[in-house]
Chemist: 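The structure under discussion is supplied below as structure tokens; questions concerning it will follow.
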Amino acid sequence: MQIYRIPFKAMASTCEVVIADTDEQAMFAKAQEAIAEVRRIEVKYSRYRPDSIVSRINTQAGGDAVVCDEETVALFDYAQALHQASDGLFDITAGILRQAWDFKSQRVPAADELQALCQRIGWAKVERTSNKLRLPQAGMEIDFGGFGKEYAADRAAAVLEAAGVTHGYVNLGGDIRVLGPKPDGQAWVMGIQDPRQQDKIAASIPLTSGALATSGDYERYFEAGGQRYCHILNPHTGMPVRHWRSISVLAPLTALAGSCTTIGMLKEADALTYLQQTGLRFLAIDQQGIVHTQAAA
């Protein structure tokens, strides 16, 4: 049985499907099915595409409700659960803050600019019936960027599982879902990037199943006046988080792992308490470079 690696680009990330198989042609067909599923989700939920369900909802803000299919309703249910679990910090209406934070121009927005945007944020404001969603305020937006890539990793893994893959993994820009060990039973070893040295690994994690995701202040950021400003933004203040360099979580599903890392970053000083309560394995690196870990409960 040979290990094959199929690289591809999706969701503005470098991605890879890794499969161990005895038949190269069959393996390639399975990999293409998984990649097609990632692309389907990207097309359906990308805020950059005018024909996506997300763009349709955002365009209708302040107007009519939009009818949503079963998959989209399930994602809204998940967004609601995350909002509750994070005391309102994980909020899929907070994406409008990117209008103030342009990481290319490296400009720190004024307080009144952030305050004006924060007034258009709030999952609690969103009006939902069984299969309809309405943004009541013009200028409001939703954005699945907080867990869309992780959801796609899980969906791609489900496609591979259905095709009979038992050895391999899906890696979407560092959001990883493992389908089973190497053919010899050994674990795949996943590296967690050092948040301050791009070419270094902070830790190596052996995985035979489950998922690994990482959030950090090094993915998109700029420095001004001796302060690092990263892309993870508090929806209550509009300001970037500052407490952690990175947080990695191991979980059964990539969506769960990724959501926990993001909530941990947003919880800042309260992150360890939150992460310990999840019962999941985690590795968190604070601003002094000290590593905090928890084995599985």
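Heavy atoms only: backbone and side chains are in, while hydrogens, waters and symmetry mates are out. Numbers here are sequence positions counted from 1.
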Chemist: Is there a path from F144 to F90 through hydrophobic residues (I, L, V, M, F, W, Y) whose side chains come within less than 4.5 Å of each other?
Modeler: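 Yes, one cluster joins them.
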Chemist: Compare all side-chain heavy atoms of L207 with those of I205 and state whether any distance is below 4.5 angstrom.
Modeler: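 With C-beta onward as the side chain, the pair touches.
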Chemist: Would you say CD of E127 has more than 12 non-hydrogen atoms from neighbouring residues, nucleotides or ligands within 6.0 angstrom?
Modeler: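 Above 12, so yes.
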Chemist: Side chains of Y274 and F282, heavy atoms from C-beta outward: is any pair under 4.5 Å?
Modeler: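 Side chain of Y274 against side chain of F282, heavy atoms only: no contact under 4.5 Å found.
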Chemist: Any heavy-atom pair between the side chains of E161 and L179 that's under 4.5 Å?
Modeler: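 Contact flag for L179/E161 side chains = yes.
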Chemist: Looking at D77 and R128, is any side-chain nitrogen of the basic one under 4.0 Å from a carboxylate oxygen of the acidic one?
Modeler: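 D77 and R128: salt-bridged.
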Chemist: Can you tell me how far apart OH (Y229) and CH2 (W101) are? Round to the nearest 0.5 Å.
Modeler: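 So the gap between those two atoms works out to 6.0 Å.
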Chemist: Kindly indicate whether the side chain of L89, heavy atoms from C-beta on, has any atom under 4.5 Å from the side chain of K267.
Modeler: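 Yes; the side chains approach each other to less than 4.5 Å.
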Chemist: For D217 and R245, run salt bridge (charged side-chain N to carboxylate O under 4.0 Å, His left out): C-alpha distance rounded to whole Å, both residues' side-chain angles, the deciding distance at 0.1 Å, then the answer.
Modeler: CA-CA 5 Å; D217 70 358; R245 291 183 181 179; over 6 Å; no
Chemist: Show the nearest heavy-atom pair for residues V126 and P136, with the distance to one decimal.
Modeler: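 Answer, listing the atom of V126 first, then P136: CA-CD, 4.2 Å.
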Chemist: Verify, without hydrogens or angle tests, whether S86 (side chain) and L82 (backbone) share a donor-acceptor contact under 3.5 angstrom.
Modeler: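 Such a contact is found between S86 side chain and L82 backbone.
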Chemist: For a 4.5 angstrom cut-off between non-hydrogen side-chain atoms, does L133 reach V66?
Modeler: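 L133 does not reach V66 side chain to side chain.
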Chemist: For the residue pair G216 and I232, what are the closest heavy atoms and their distance?
Modeler: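 Answer, listing the atom of G216 first, then I232: O-CD1, 3.7 Å.
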Chemist: Taking the side chain as every heavy atom from C-beta outward, state whether N131 and C68 have any pair of such atoms under 4.5 Å apart.
Modeler: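 The answer is no, as the side chains (C-beta and beyond) never meet within the 4.5 Å cut-off.
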Chemist: Keeping Q193 on the side-chain end and K200 on the backbone end, is there a donor-acceptor pair under 3.5 Å?
Modeler: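 No, because the side chain of Q193 does not come within donor-acceptor range (under 3.5 Å) of the backbone of K200.
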Chemist: Nearest 0.5 angstrom please: F147 CZ to D154 CG, how far?
Modeler: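 Between F147 CZ and D154 CG, I get 11.5 Å after rounding to 0.5 Å.
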Chemist: Under the side-chain contact (heavy atoms from CB on, under 4.5 Å) test against I142, which residue among I96, D91, I53, I57 passes?
Modeler: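 So the option named by the test is I57.
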Chemist: Can you confirm whether the side chains of R228 and Q287 place a donor and an acceptor under 3.5 Å from each other?
Modeler: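 On atom types as modelled, these side chains do not qualify, holding no pair under 3.5 Å.
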Chemist: Go through the steps for M1 and K182 under the test side-chain contact (heavy atoms from CB on, under 4.5 Å), then give the verdict.
Modeler: CA-CA 10 Å; M1 192 174 269; K182 293 180 181 179; over 6 Å; no
Chemist: Without swapping roles, check the side chain of W244 against the backbone of E268 for a donor-acceptor pair under 3.5 Å.
Modeler: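 The answer is yes, because a donor-acceptor pair under 3.5 Å joins these two groups.
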Chemist: Quick one: do R98 and E141 satisfy salt bridge (charged side-chain N to carboxylate O under 4.0 Å, His left out)? Show the steps, please.
Modeler: CA-CA 11 Å; R98 71 180 176 278; E141 290 183 8; 2.8 Å; yes
Chemist: Any chance you could measure L280, atom CG, to C260, atom SG, to the nearest 0.5 Å?
Modeler: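 Reported to 0.5 Å precision, the distance equals 5.0 Å.
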Chemist: Taking CD in Q99 as the centre, count heavy atoms belonging to other residues, nucleotides or ligands within less than 6.0 Å. Is the count above 12?
Modeler: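 Yes, enclosed.
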Chemist: Within a radius of less than 6.0 Å around CZ of F222, do more than 12 heavy atoms belonging to other residues, nucleotides or ligands occur?
Modeler: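 Check passes, neighbour count above 12.
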Chemist: State, without any angle test, whether K9 and T14 hold a side-chain donor-acceptor pair at a distance under 3.5 Å.
Modeler: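 Result is yes, a qualifying pair exists.
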Chemist: With a 4.5 Å cut-off on side-chain heavy-atom distances among I, L, V, M, F, W and Y, is there a chain of contacts connecting V241 to Y218?
Modeler: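 Per the 4.5 Å side-chain linkage, V241 and Y218 are not co-clustered.
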Chemist: For H292, which of I247, L272, L283, I285 qualifies under side-chain contact (heavy atoms from CB on, under 4.5 Å)?
Modeler: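 With H292 as partner, I247, L272, L283, I285 yield a single side-chain contact (heavy atoms from CB on, under 4.5 Å), made by L272.
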Chemist: Can we say R196 and D194 salt-bridge, meaning some charged N sits less than 4.0 Å from an Asp/Glu carboxylate O?
Modeler: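 Salt bridge between R196 and D194, a charged N being under 4.0 Å from a carboxylate O: no.
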Chemist: Quick check: is I35 connected to V178 through a chain of hydrophobic side chains (ILVMFWY, heavy atoms under 4.5 Å apart)?
Modeler: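 No.
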Chemist: Do R155 and V38 have side-chain heavy atoms sitting under 4.5 Å apart?
Modeler: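 Answer no - side chains too far apart.
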Chemist: Checking side-chain polar atoms at under 3.5 Å, does S259 have a donor or acceptor matched by the opposite partner on Y78?
Modeler: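 Result is yes, a qualifying pair exists.
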Chemist: Would one find more than 12 heavy atoms of other residues, nucleotides or ligands at under 6.0 Å from atom CD of Q227?
Modeler: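 Yes, enclosed.
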Chemist: So, the side chain of T278 versus the backbone of L275: is there a donor-acceptor pair under 3.5 Å, distance only?
Modeler: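 Side chain of T278 to backbone of L275: a pair is present.
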Chemist: Does the pair E71 and K44 meet the rule for a salt bridge (charged side-chain N to carboxylate O under 4.0 Å, His left out), with working shown?
Modeler: CA-CA 10 Å; E71 181 180 34; K44 185 173 181 179; 2.6 Å; yes
Chemist: Are any of the side-chain heavy atoms of D175 and N171 separated by less than 4.5 Å?
Modeler: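 A side-chain contact under 4.5 Å is absent here.
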Chemist: What about L250 and L172, same hydrophobic cluster or not, with Ile/Leu/Val/Met/Phe/Trp/Tyr joined at side-chain heavy-atom distances under 4.5 Å?
Modeler: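 Per the 4.5 Å side-chain linkage, L250 and L172 are not co-clustered.
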Chemist: Indicate yes or no for a side-chain donor-acceptor contact from S13 to the backbone of C15 under 3.5 Å, with no hydrogens or angles considered.
Modeler: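 Not a single qualifying donor-acceptor pair exists.
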Chemist: To the nearest 0.5 angstrom, please state how far the CD1 atom of I19 sits from the CD1 atom of I6.
Modeler: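 Interatomic distance, I19 CD1 to I6 CD1, rounded to 0.5 Å: 7.0 Å.
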Chemist: Report, as yes or no, whether the 6.0 Å neighbourhood of atom CD on E223 holds more than 12 heavy atoms from other residues, nucleotides or ligands.
Modeler: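 Enclosed.
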Chemist: I need the minimum non-hydrogen distance between L212 and S248, along with the two atoms involved.
Modeler: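 So the minimum-distance heavy-atom pair works out to CD1-CB, 4.2 Å.
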Chemist: If you measure only the distance, is there a donor-acceptor pair under 3.5 Å linking the side chains of D69 and T72?
Modeler: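 Per modelled atom types, D69 and T72 side chains form a pair under 3.5 Å.
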Chemist: Can you tell me how far CG of L97 sits from CZ of R120, rounded to the nearest 0.5 angstrom?
Modeler: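 Separation between the atoms: 9.5 Å.
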Chemist: Parallel, tilted or perpendicular for Y151 and Y45, by the 30°/60° rule?
Modeler: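 Plane angle over 60°, so perpendicular.
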Chemist: Looking only at non-hydrogen atoms, find the nearest pair between F103 and H231 and report the distance.
Modeler: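 Here F103 and H231 meet closest at CZ-CA, 3.4 Å.
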Chemist: Check the pair L160, V17 against side-chain contact (heavy atoms from CB on, under 4.5 Å), reporting the backbone distance first and the verdict last.
Modeler: CA-CA 10 Å; L160 292 174; V17 172; 4.0 Å; yes
Chemist: Shortest non-hydrogen contact from E219 to T214?
Modeler: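 Heavy atoms only, the tightest pair is OE2-O, 3.7 Å.
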Chemist: Tell me whether K132 at atom NZ has more than 12 heavy atoms from other residues, nucleotides or ligands lying less than 6.0 Å away.
Modeler: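 Atom NZ in K132 is not packed in, count stays at 12 or less.
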Chemist: Keeping S105 on the side-chain end and D102 on the backbone end, is there a donor-acceptor pair under 3.5 Å?
Modeler: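 Yes, the answer is positive, given that a donor and an acceptor are paired below the 3.5 Å cut-off.
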Chemist: Could you tell me whether H167 and W188 have their ring centroids closer than 6.0 angstrom?
Modeler: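 Between W188 and H167, which both carry aromatic rings, the centre distance is not below 6.0 Å.
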Chemist: With no hydrogens and no angle check, is any side-chain donor or acceptor of R281 less than 3.5 Å from a backbone partner on V249?
Modeler: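 Answer holds: no.
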Chemist: Assess, by modelled atom type and distance only, whether the side chains of D286 and H243 contain a donor and an acceptor separated by less than 3.5 Å.
Modeler: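 Side chains of D286 and H243: no pair found under 3.5 Å.
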Chemist: After noting the C-alpha distance and the side-chain angles of E33 and K30, does the key distance pass the salt bridge (charged side-chain N to carboxylate O under 4.0 Å, His left out) rule?
Modeler: CA-CA 5 Å; E33 274 188 66; K30 293 170 190 174; over 6 Å; no
Chemist: Could you tell me the separation between the CG atom of L117 and the CE atom of M140, rounded to the nearest 0.5 Å?
Modeler: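 Reported to 0.5 Å precision, the distance equals 12.0 Å.
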Chemist: Do Y169 and I3 belong together in a cluster built from hydrophobic side chains that touch within less than 4.5 Å?
Modeler: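 Y169 clusters together with I3.
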Chemist: Could you tell me whether a side-chain N or O of T208 sits under 3.5 Å from a main-chain N or O of G180, the two making a donor and an acceptor?
Modeler: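 No.
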Chemist: Between S52 and S46, is there a donor-acceptor pair closer than 3.5 Å when you use the side chain of the first and the backbone of the second?
Modeler: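 A pair under 3.5 Å: yes.
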Chemist: How close do P235 and C118 get, heavy atom to heavy atom, and via which atoms?
Modeler: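 Closest approach of P235 to C118, heavy atoms only: O-SG, 3.6 Å.
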